[in-house]
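Starting from 1, each residue takes its place in the sequence as its number.
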Amino acid sequence: MPIQTLTLTEAMKNRKSEISRWPSDADSQAARFSPIARPAFDAPFVIKPDDFVFTVGSCFARNIEKQLAANGFDFAARYFELSHDDSDFTGVDVSGVLNKYVVQSILNELRFAIDPHTRWSQSNLVELSNGKWWDPHLNNTIAPASLERVLYRREKVTEYFKTAARADVFIMTLGLAEAWFDTTSRLYGNGVPPATIQRTEPNRFEFHRLDYNQILTCLEAIRKLLMDHGNPDVNILVTVSPVALKSTFSGQDAMIANTYSQAVQRAAVEAFATAHSN
């Protein structure tokens, strides 16, 4: 079904707007495309100075956090802490531990944290042949570690996601439409299985390219979780990361695979945002 329906009169009125025409001449391009794109849009809400903001998603979400910090907003990630350990995240910012690259991974973490009917289980972890453990639901740049260390990370991440329940504004960045499915836990993970698993359990994980309906269904489930178990007045801001995928597992040219990944997520977000007033 269409995501928007207008009468002929309404549609023709919209077309008369200056912003309805693609910038095709030098003057209009200078006004709207150069040096940066300036799309016009109507936001149904504003982020108020006293709002508590929760951010989640791919690395682009970390850039949003930097802008929130620069503008004095209160957001959950600024309180996230992880004790120092050489085996932890190798990036500059510890908040990179929170990176979520596929929409199912965001949904899983919220279910683990705020859904009273769903709890994280240690069976979701994978024991590697070298005696270390791997959490498929965390950033896969984090090195496998002892069970104690992995459980500590899991506790800290779940604590972070619990704060989503009190968010006034929930900002979510979708990253990839390429995902890895754990056939044992029946859950989607958050990154490529490490080489050890590729050798010892080659059939445990499947590569999936997500379709529009999968993404949209997850977005709706995320909203329902927030409304049912969090702040019912929460406002949601969704972005699709502009960062291109580094490589593809699909067998396609990376440029084609990236176009699909960005476009299918953007289409699902459009339908999602159009359907809800918040």
Side-chain angles (χ1 to χ4, degrees), residues 2-4 6 10-49 51 53-73 75 77 91-93 95-96 98-103 106 169-178 209-210 212 215-216 218-219 222-223 235-248 252-278:
I3 66 169
Q4 183 182 21
L6 300 174
E10 291 169 332
M12 289 302 178
K13 181 180 179 181
N14 283 346
R15 192 170 182 269
K16 292 178 181 179
S17 168
E18 290 184 3
I19 63 172
S20 70
R21 299 186 182 278
W22 189 267
S24 56
D25 58 77
D27 289 341
S28 61
Q29 288 175 5
R32 300 195 63 208
F33 277 169
S34 180
I36 60 172
R38 298 179 181 84
F41 55 88
D42 293 321
F45 64 89
V46 296
I47 305 177
K48 299 185 292 295
D51 280 343
V53 183
F54 183 90
T55 50
V56 64
S58 67
C59 55
F60 188 63
R62 311 284 78 84
N63 289 284
I64 293 174
E65 291 161 4
K66 292 175 183 177
Q67 294 304 311
L68 291 170
N71 287 278
F73 288 100
F75 60 98
V92 175
D93 192 341
S95 64
L98 301 172
N99 286 358
K100 299 293 168 189
Y101 298 104
V102 295
V103 67
I106 297 172
V169 179
F170 182 90
I171 300 179
M172 170 170 47
T173 295
L174 305 190
L176 298 171
E178 295 197 357
R209 273 206 305 161
L210 306 177
Y212 169 90
I215 297 165
L216 182 56
C218 284
L219 290 171
I222 288 169
R223 180 180 180 275
N235 287 311
I236 301 171
L237 190 156
V238 191
T239 71
V240 176
S241 173
V243 181
L245 52 77
K246 293 181 179 179
S247 60
T248 179
Q252 293 183 320
D253 184 303
M255 291 187 289
I256 295 172
N258 183 69
T259 298
Y260 172 77
S261 182
Q262 302 278 16
V264 71
Q265 292 181 103
R266 182 61 184 82
V269 168
E270 184 77 18
F272 176 62
T274 304
H276 303 290
S277 62
N278 63 335

Residues in ring-ring contact (aromatic ring centres under 6.0 Å, His included) contact with Phe170, at least two apart in sequence or another chain: Phe54
Measure across [X] and [Y] and return the closest heavy-atom pair with its distance rounded to 0.1 Å.
X	Y	value
Pro39	Arg32	CA-NH2, 4.0 Å
Ala271	Tyr212	CB-OH, 3.1 Å
Gln265	Ala177	NE2-N, 3.8 Å
Leu245	Ser261	CD2-CB, 4.4 Å

Can you find a heavy atom in the side chain of [X] that is under 4.5 Å from one in the side chain of [Y]?
X	Y	answer
Val103	Leu219	yes
Thr248	Asn258	no
Ile106	Leu174	yes
Val169	Phe45	yes
Thr55	Leu98	no
Ile171	Leu68	yes
Pro23	Gln29	yes

Atom CD of Glu10: over 12 foreign heavy atoms under 6.0 Å: yes
Distance-only, no hydrogens or angles: does the [X] side chain make a donor-acceptor pair with backbone N or O of [Y] under 3.5 Å?
X	Y	result
Arg38	Ser34	yes
Asn71	Phe73	no
Asp25	Asp27	yes
Ser241	Gly175	no

Which distance, rounded to the nearest 0.5 Å, do you find between the [atom1] of [X] and the [atom2] of [Y]?
X	Y	atom1	atom2	value
Ile19	Ser28	CD1	OG	13.5 Å
Ile222	Ile236	CD1	CD1	8.5 Å
Gln252	Thr259	CD	OG1	9.5 Å

Residue pairs, two or more places apart or on separate chains, that pass ring pair (Phe, Tyr, Trp, His ring centres under 6.0 Å) and touch residues 253-274: Phe272-His276
Sole residue of Thr239, Ile64, Val56 in side-chain contact (heavy atoms from CB on, under 4.5 Å) with Met172: Val56
Arg62 and Glu65 ion-paired at < 4.0 Å: yes
Partner residues of Ser58 under the side-chain hydrogen bond (donor to acceptor under 3.5 Å, both in side chains) criterion, sequence neighbours left out: none
